[in-house]
Chemist: 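Encoded as structure tokens, here's the structure I'll be asking about.
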Amino acid sequence: MIRSLEAKYSRPESSVKLLAVSKRHSAASIRQAAKTGITDFGENFVQEAEGKIAELVDLQLNWHFIGPIQSNKTRRIAENFDWVQSLDRKKLAYRLNEQRSIEKTALNVCVQVNLSQEFSKSGISLESAETLGKLVNDLPNLCLRGLMAIPAPEKNLDRQRKSFAELALEFYRMRELFPTMDTLSMGMSKDFEAAIAEGSTMVRIGTALFGKRV
Ligand SMILES: *Cc1c(COP(=O)(O)O)cnc(C)c1O
């Protein structure tokens with residue numbers, strides 16, 4: 001599916017990576033998915049994820065934290081995850097940097113941008129993304145990888161494309177300043193076609209992959 005959309009929108013082959021969003025799905029389903037070659041999984045809840053990460057440690061998967069970050073959970077995020085895609089406050093960046101063990105590789109970070117304030121409280125404004133990105137870039141135990149956003153639900157493909165295009169523009173601009181940025185994380189089960197059309201390099205798919213969450 002992703003490969004055919006890459007072709008449809010003249011994107012290079014394999015330029016879009018799949019992040020399998022496994023929240024509220026079992027370790028057994030993740031193991032099954034990993035057998036098909038999926039290496040990256042996204043989780044929204046620290047407690048729920050920790051059990052699965054421990055159970056699947058033999059598979060050497062990459063774990064992405066994609067849910068709202070509570071400041072009292074940053075230590076467990078810094079210890080258990082490889083990526084955090086939902087960073088939207090300075091204070092959380094400082095805490096994650098301090099709590100990331102120097103024995104591990106830097107924690108990969110995407111700054112979460114809020115494309116529609118009416119729909120969501122999470123994410124920083126597009127105008128403030130660069131300032132937060134610069135902070136992440138300056139902290140030694142964090143590595144700035146890109147931007148992530150969850151636009152308001154929208155059925156129309158052209159309107160979906162419009163908000164993804166805004167994020168993409170800021171991504172290309174910031175990438176000139178911060179060369180470690182290689183990840184434009186946008187597109188979920190209902191809008192990944194529009195996201196791929198607008199330059200997404202990582203789609204976060206839950207329902208379309210694992211079925212409905214229980
Ligand atoms: C749950 C979630 C997804 C996946 O959503 P689906 O519609 O099931 O594909 C993607 N990104 C984030 C941040 C999520 O919380």
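The shown structure was predicted, so the numbers you read here are calculated from the model rather than taken from an experiment. Every number for a ligand or one of its atoms is a count from 1 in the order of the listing. Quick note: residue numbers are just sequence positions, from 1.
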Chemist: So which heavy atom on Leu107 is nearest to which on Trp83, and how close?
Modeler: CD1-N, 4.0 Å
Chemist: Give the atoms of ligand 1, by number and element, whose distance to some non-hydrogen atom of Ile150 is under 4.0 Å.
Modeler: 13 (C)
Chemist: List ligand 1 atoms under 4.0 Å from Ile205, heavy atoms only on the residue side.
Modeler: 9 (O)
Chemist: Among all protein heavy atoms in this structure, tell me which lies nearest to atom 8 (O) of ligand 1, with the distance rounded to 0.1 Å.
Modeler: Thr207 OG1, 2.5 Å
Chemist: With a 4.0 Å cut-off on heavy atoms, is Arg213 touching ligand 1?
Modeler: yes
Chemist: Looking at Glu166, Glu198, Glu193, Glu154, which one forms a salt bridge (charged side-chain N to carboxylate O under 4.0 Å, His left out) with Arg161?
Modeler: Glu198
Chemist: Relative to the heavy atoms of Asn44, which atoms of ligand 1 are at a distance of less than 4.0 Å?
Modeler: 14 (C), 15 (O)
Chemist: Within the side chain of Ser185, is there an N or O that forms a donor-acceptor pair under 3.5 Å with the backbone of Met148?
Modeler: no
Chemist: Ignoring angles and geometry beyond distance, decide whether Met148 reaches within less than 3.5 Å of ligand 1 through its nitrogen or oxygen atoms.
Modeler: no
Chemist: Mind checking side chain to side chain contact (heavy atoms under 4.5 Å, CB included) for Glu50 and listing every partner two or more places apart, or none if nothing turns up?
Modeler: Val46, Arg76, Asn80
Chemist: Could you find the nearest protein heavy atom to atom 9 (O) of ligand 1 and give me its residue, atom name and distance?
Modeler: Ser189 OG, 2.5 Å
Chemist: For atom 12 (C) of ligand 1, which protein heavy atom lies nearest, and how many Å away is it?
Modeler: Ile66 CD1, 3.5 Å
Chemist: To the nearest 0.5 Å, what is the distance between CG (Asn141) and CG (Asn97)?
Modeler: 4.5 Å
Chemist: Could you walk me through whether Ser128 and Thr131 pass the side-chain hydrogen bond (donor to acceptor under 3.5 Å, both in side chains) check?
Modeler: CA-CA 6 Å; Ser128 309; Thr131 309; 5.9 Å; no
Chemist: Would you mind finding which of Lys23, Arg204, Met188 brings a heavy atom closest to atom 14 (C) of ligand 1?
Modeler: Lys23
Chemist: Taking the six-membered ring for Trp, are His25 and Phe210 parallel (under 30°), tilted (30 to 60°) or perpendicular (over 60°)?
Modeler: parallel
